[in-house]
Asker: 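One structure, pasted below without further comment.
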Amino acid sequence: MIDLLKLLSALLWPTFIGWVVVSLIVGKTKLLSSLEKLALSFLLGCGMLSLLMLLLGVCRISLTWPNIVLASALLLAAPLYLAVKQRVLTLGPWQLAPGTWTLTELILLSLITLRSAFVLFENLIKPVIGVDAFANWSLRAKVFFIQNSLVLDPQSSFLLGGGAKFYPIHLPLLESWVFSVLGYWNDALVKIVFFAFFVALVTLFYGAVRRSAPRIVALLGTYLLTTLPLLVHHAAIEYADLPLAIYFGTATLLLLNYCEADDDRYLWLSAILAGIGAWTKNEGFALVLVNLLILALFYFRSKKEPLFALQHLAGYFVIALLFKAPWSIINYVYRIPPNEFQKIHWEQIITNLYRLPVIAQYFYQKLLFYGNWNIAWFALVVVVLLAGKRLKDGRGFYSLFGIGLFLAMIAFMYYLTENYRWLLDGTTLNRNILLIMPLVVYFIAVNLPGLLAAAPVPAPKQPKRKK
Amino acid sequence: LCYNFLVKPKVLLLLAIIISICSPSSAWDQINVQFTQQPGTPYFVGQPEINIDAEEFTTLVLRIKAAQGGGARLYWATNFDPQMNQTKSLAFDLSRSNDFKEYTFNLRKQNGYWAGFVGQLLLVPENGPAGIELGPTQVIPGNFWTGFKSGWREFLVFEVPVPRTVNFIYGPKINGLSVNTYLYWLIILGSAGIAAYTYYKKLPWQTAARNIMIVTLICWGALDLRQLLDQGRTVALDWQTYGGKSLEEKQAATCLGDLYGFLKFAAANIPTGEGFNFVHPPQYYYFSEKANYYLYPTHYDQNGRYVLVYDPNRTEKVPSGKLLATHKEGEYILIK
């Protein structure tokens, strides 16, 4: 029981940090529902707390929970004061649109709850099982917890926690925070974090679809998201792929809100989440580029003033960079060698032409004929074919552009980097595709209202009067 | 109408011919396999040099009575590859039954290595041969009905989550083809039908688009029900493996064999924080990483003072050193 309370505290503290920041950004507007605000607060708070732990570690301050709480309270004091003074520290409306629930809606809600229960069970019933978790993610969490530090001795094989040192330590630090609050190392209970990530994704996804679709479609879309087998599997293991997918996915969804509502607050929230994504995994920084290109296209199509567009694009990039920069500086100072597999070989641009058909074939096979994504990719094609002209603008257009851009980006990665070998042995393609899946389902969901609407009934023909 | 159709002798004759074509093969079109189980062996083996032409005889019909359920794997040797190995094998679930239960497999479709001439069959029940009885087993050319039965069984096979699952999930198959393929064809043909109907009835195209989308969503939901089945089985399996256990017991359950017990033994015998080298058979992936993870701050170091040897079958070359402590045969610690 005490452990349960400790676990709850371990989740609530970052959520509180995030809540203060989100409240300050959102202000008194009803931009987000209460549940969305909570989910967003959790995601933001986790990123900020782990970044704070990184800074404490660099300053050689012991990473114990009283130190972390004290440091975050000190840093939070000013924003908290501002938020209280401005009276923005609220949760917001509890429902985006109240009303009675139909049977179909209740069934969909039950199915989503069932999946969430499955994720919770799978996380808590077993300890760490993922091979990369043993070698990297969870190992580093244990090292940080036991040493109460980042291990900054360059001679130590456990420098920065050991493992694959070039990977950012957002997730290991977050896990070591949970161990600190628990007071002991328990690699089964710590997985509550992954359940919380999954719930945050589901909540924010529902809210995003709900903005442009009736409740039943938003529930249907959310249910479809929870039917993706590989996504659900990743929600119950200790890898960083799903947290990155959540940060990137929600950042993009908020960006799409911005494109439609033209409210800067969505943009800055999106930039922060994209930055935390870059602090979760190195690939995250390339995903910031995807969002920047979506934003650039939006400004181009909406004929915004170039100066305005440049300011906002630069602002987005700088905010995202702020979250990535500390880790990059530490990598530079401690001369952490980069991941050789991610080095781009421009000199092979011609000689690698043979890879193109192989990459295309792997995309075709893994996306459509494996059990990873149900029939989501086929449904995407169906929606594109059926929606036709409706895709010319709005959320549908920009999300489809983002999906295309993402696919092109990972195809490029396999074409010009040594990651190609991980494509051939089936290791990474689907884990990369996982990053874009929330957006794929979102694209399908936001097009559903138009596609499922009944055809207008033609007016009955008037009988011609005889002259 | 039904009555007239059935009582007409010519129609009855035609039906009889169709049924005989579709029915499991006649006596002259089947090869009988006799499985035997030698005492002390964990498997059932078929008679040697049976020489089944895999091109013609595509389907295996097993009859099994099992006192308890569990997994099983069927292996075969061919003239191309006379060894029994995982590549030429098929995993399936055994159901608990008091009578002989029929298991039909279209091996040609489910595994491309059912090819050439098959010399021998081998059946390995996961929980050992105790309580399992094999009835008459035939290899037959197969027909629509056996194809259906085999496909249905394959569709329901549980894809147990393994470490590789983090990279990809195969998904359910029917006769060797991904279920997705069938669903795509269903949607495509359904869409063509809907489009034709819409055109013929001069209905608005919006209605056709709506119906096509509904068909797609129904297929999506149907495949999800199948996925839910596997998730339910995963819950049952994990509850069986980890339910009601302490954290240490759970951690032990994630390790193969007696690795966790040996690591605990090592933790008690090596001073905390020391480095150790780890010798184990190379096919035991990630043993060093697990040792590093569980023993930290005692840690893996190739030049470490201590050498952990986990080699139950004693196949590995062990570096020289003084024996510090022995856990079990083939599991010991050396000090340099």
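Heavy atoms only: backbone and side chains are in, while hydrogens, waters and symmetry mates are out.
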Asker: Non-hydrogen atoms of chain A under 4.5 Å away: do they reach the side chain of B:Tyr184, the backbone, both or neither?
Answerer: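 Both backbone and side chain.
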Asker: Should we count OH of A:Tyr184 as having more than 12 external heavy atoms under 6.0 Å?
Answerer: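 Enclosed.
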Asker: Using non-hydrogen atoms and a 4.5 Å limit, figure out which bit of A:Ile237 sits close to chain B: side chain, backbone, both or neither.
Answerer: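 For A:Ile237, the side chain is the part near chain B, not the backbone.
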Asker: Can you confirm whether more than 12 heavy atoms, excluding those of B:Tyr197, are under 6.0 Å from its OH atom?
Answerer: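 No - once you tally the heavy atoms of other residues, nucleotides and ligands closer than 6.0 Å, there are 12 at most.
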Asker: Please check if atom OH in B:Tyr182 has more than 12 non-hydrogen atoms from other residues, nucleotides or ligands closer than 6.0 Å.
Answerer: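 Yes, enclosed.
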Asker: Mind listing the closest non-hydrogen atom pair of B:Arg210 and A:Leu452 along with its distance?
Answerer: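 Distance-wise, the nearest heavy atoms are NE-O, 2.7 Å.
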Asker: Under a 4.5 Å heavy-atom cut-off, does chain B meet the side chain of A:Ala387, its backbone, both or neither?
Answerer: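 Neither part; nothing is under 4.5 Å.
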Asker: Please state whether the side chain, the backbone, both or neither of A:Ile433 comes within less than 4.5 Å of a heavy atom of chain B.
Answerer: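 Interface part for A:Ile433: neither.
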Asker: With a 4.5 Å cut-off on heavy-atom pairs, point out which of B:Glu159, B:Met213, B:Glu289 contacts chain A the most.
Answerer: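 Option with the top pair count is B:Met213.
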Asker: Could you work out, with side-chain contact (heavy atoms from CB on, under 4.5 Å) as the rule, every residue matching B:Lys202, not counting sequence neighbours?
Answerer: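 side-chain contact (heavy atoms from CB on, under 4.5 Å) list for B:Lys202, sorted by chain: empty.
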Asker: If you look at every heavy atom in B:Gly221 and A:Tyr223, which pair is closest and at what distance?
Answerer: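 In terms of heavy atoms, the two residues are closest at CA-OH, 4.0 Å.
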Asker: A:Ile125, A:Asn186, A:Ile146: which one forms the most heavy-atom pairs within less than 4.5 Å of chain B?
Answerer: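 The option with the most such pairs is A:Ile125.
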Asker: Has A:Tyr364 got more than 12 heavy atoms of other residues, nucleotides or ligands less than 6.0 Å from its OH?
Answerer: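 At most 12 heavy atoms, drawn from other residues, nucleotides or ligands, come within 6.0 Å of this atom.
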Asker: Take A:Asn374 and B:Gln227 through the test side chain to side chain contact (heavy atoms under 4.5 Å, CB included) and record every step on the way to the result.
Answerer: CA-CA 9 Å; A:Asn374 201 306; B:Gln227 194 57 37; 5.7 Å; no
Asker: So for B:Ile188, is it side chain, backbone, both, or neither that comes closer than 4.5 Å to the heavy atoms of chain A?
Answerer: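 For B:Ile188, side-chain heavy atoms alone lie under 4.5 Å from chain A.
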Asker: Main chain of A:Gly450, side chain of B:Gln206: is a donor-acceptor contact present, judged purely on distance under 3.5 Å?
Answerer: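 Side chain of B:Gln206 to backbone of A:Gly450: a pair is present.
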Asker: Counting heavy-atom pairs under 4.5 Å with chain A, which one of B:Asp301, B:Leu203, B:Ile187 comes out on top?
Answerer: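 Top count of heavy-atom pairs under 4.5 Å with chain A: B:Ile187.
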Asker: Given a strict heavy-atom distance threshold of 4.5 Å, which part of B:Leu183 is in contact with chain A: side chain, backbone, both, or neither?
Answerer: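 Looking at B:Leu183, just its side chain touches chain A.
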Asker: Counting neighbours of CZ on B:Phe148 that are heavy atoms of other residues, nucleotides or ligands and sit closer than 6.0 Å, is the number greater than 12?
Answerer: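 No - once you tally the heavy atoms of other residues, nucleotides and ligands closer than 6.0 Å, there are 12 at most.
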Asker: Kindly determine whether B:Gln231 and A:Arg115 satisfy side chain to side chain contact (heavy atoms under 4.5 Å, CB included), including the steps that lead there.
Answerer: CA-CA 9 Å; B:Gln231 284 168 350; A:Arg115 269 294 166 21; 2.6 Å; yes
Asker: Examine whether an atom of A:Leu124 lies under 4.5 Å from a heavy atom of chain B, and if so say whether it belongs to the side chain, the backbone or both; otherwise answer neither.
Answerer: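 The backbone, not the side chain.
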Asker: Please tabulate, one pair per line, all N/O donor-acceptor pairs under 3.5 Å involving side-chain atoms of residues 160-179 of chain B, not counting sequence neighbours.
Answerer:
residue	atom	partner	partner atom	Å
B:Arg164	NH1	B:Phe168	O	2.5
B:Thr165	OG1	B:Val162	N	2.8
B:Thr165	OG1	B:Val162	O	2.9
B:Asn167	OD1	A:Arg431	NH1	3.0
B:Asn175	ND2	B:Gly147	O	3.2
B:Ser178	OG	A:Phe369	O	3.3
B:Ser178	OG	B:Asn180	N	3.1

Asker: Can you check whether B:Gly243's main-chain N or O pairs, donor with acceptor, with A:Lys126's side chain at less than 3.5 Å?
Answerer: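 Such a contact is absent between A:Lys126 side chain and B:Gly243 backbone.
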Asker: The criterion is side-chain hydrogen bond (donor to acceptor under 3.5 Å, both in side chains); which residues satisfy it with B:Arg73, sequence neighbours excluded?
Answerer: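 For B:Arg73 the side-chain hydrogen bond (donor to acceptor under 3.5 Å, both in side chains) partners, ignoring immediate neighbours, are B:Ser89.
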Asker: Check whether A:Leu220 gets within reach of chain B through its side chain, its backbone, both or neither, counting any heavy atom under 4.5 Å.
Answerer: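 For A:Leu220, the side chain is the part near chain B, not the backbone.
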Asker: If you draw a 6.0 Å radius around NZ in B:Lys88, do more than 12 non-hydrogen atoms from other residues or ligands fall strictly inside?
Answerer: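 Enclosed: over 12 neighbouring heavy atoms sit under 6.0 Å from NZ of B:Lys88.
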Asker: Are the side chain of A:Lys142 and the backbone N or O of B:Tyr293 linked by a donor-acceptor pair below 3.5 Å?
Answerer: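 The answer is yes, because a donor-acceptor pair under 3.5 Å joins these two groups.
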Asker: Considering only heavy atoms, which portion of B:Thr234 lies under 4.5 Å from any heavy atom of chain A: side chain, backbone, both, or neither?
Answerer: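 Both parts, backbone and side chain.
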Asker: Relative to chain B, which segment of A:Leu429 carries a heavy atom at a distance below 4.5 Å: side chain, backbone, both, or neither?
Answerer: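 Neither the backbone nor the side chain of A:Leu429 comes within 4.5 Å of chain B.
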Asker: Under 4.5 Å heavy-atom distance to chain B, tell me which part of A:Leu224 shows up: side chain, backbone, both or neither.
Answerer: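 Its backbone and side chain both get close to chain B.
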Asker: Run the side chain to side chain contact (heavy atoms under 4.5 Å, CB included) test on B:Trp205 and A:Leu386 for me, step by step, so that the C-alpha distance in whole Å, both residues' side-chain angles and the decisive distance to 0.1 Å come before the verdict.
Answerer: CA-CA 10 Å; B:Trp205 283 106; A:Leu386 296 179; over 6 Å; no
Asker: Take A:Leu111 and B:Leu228 through the test side chain to side chain contact (heavy atoms under 4.5 Å, CB included) and record every step on the way to the result.
Answerer: CA-CA 10 Å; A:Leu111 286 168; B:Leu228 268 174; 4.3 Å; yes
Asker: If contact means a heavy atom pair closer than 4.5 Å, which residues of residues 250-267 of chain B contact chain A?
Answerer: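 Interface residues of residues 250-267 of chain B: B:Lys250, B:Gln251, B:Thr254.
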Asker: With a 4.5 angstrom heavy-atom cut-off, which part of B:Tyr300 approaches chain A: side chain, backbone, both or neither?
Answerer: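 Neither part.
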Asker: At a 4.5 Å cut-off on heavy atoms, which part of B:Leu217 comes close to chain A: side chain, backbone, both, or neither?
Answerer: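 For B:Leu217, side-chain heavy atoms alone lie under 4.5 Å from chain A.
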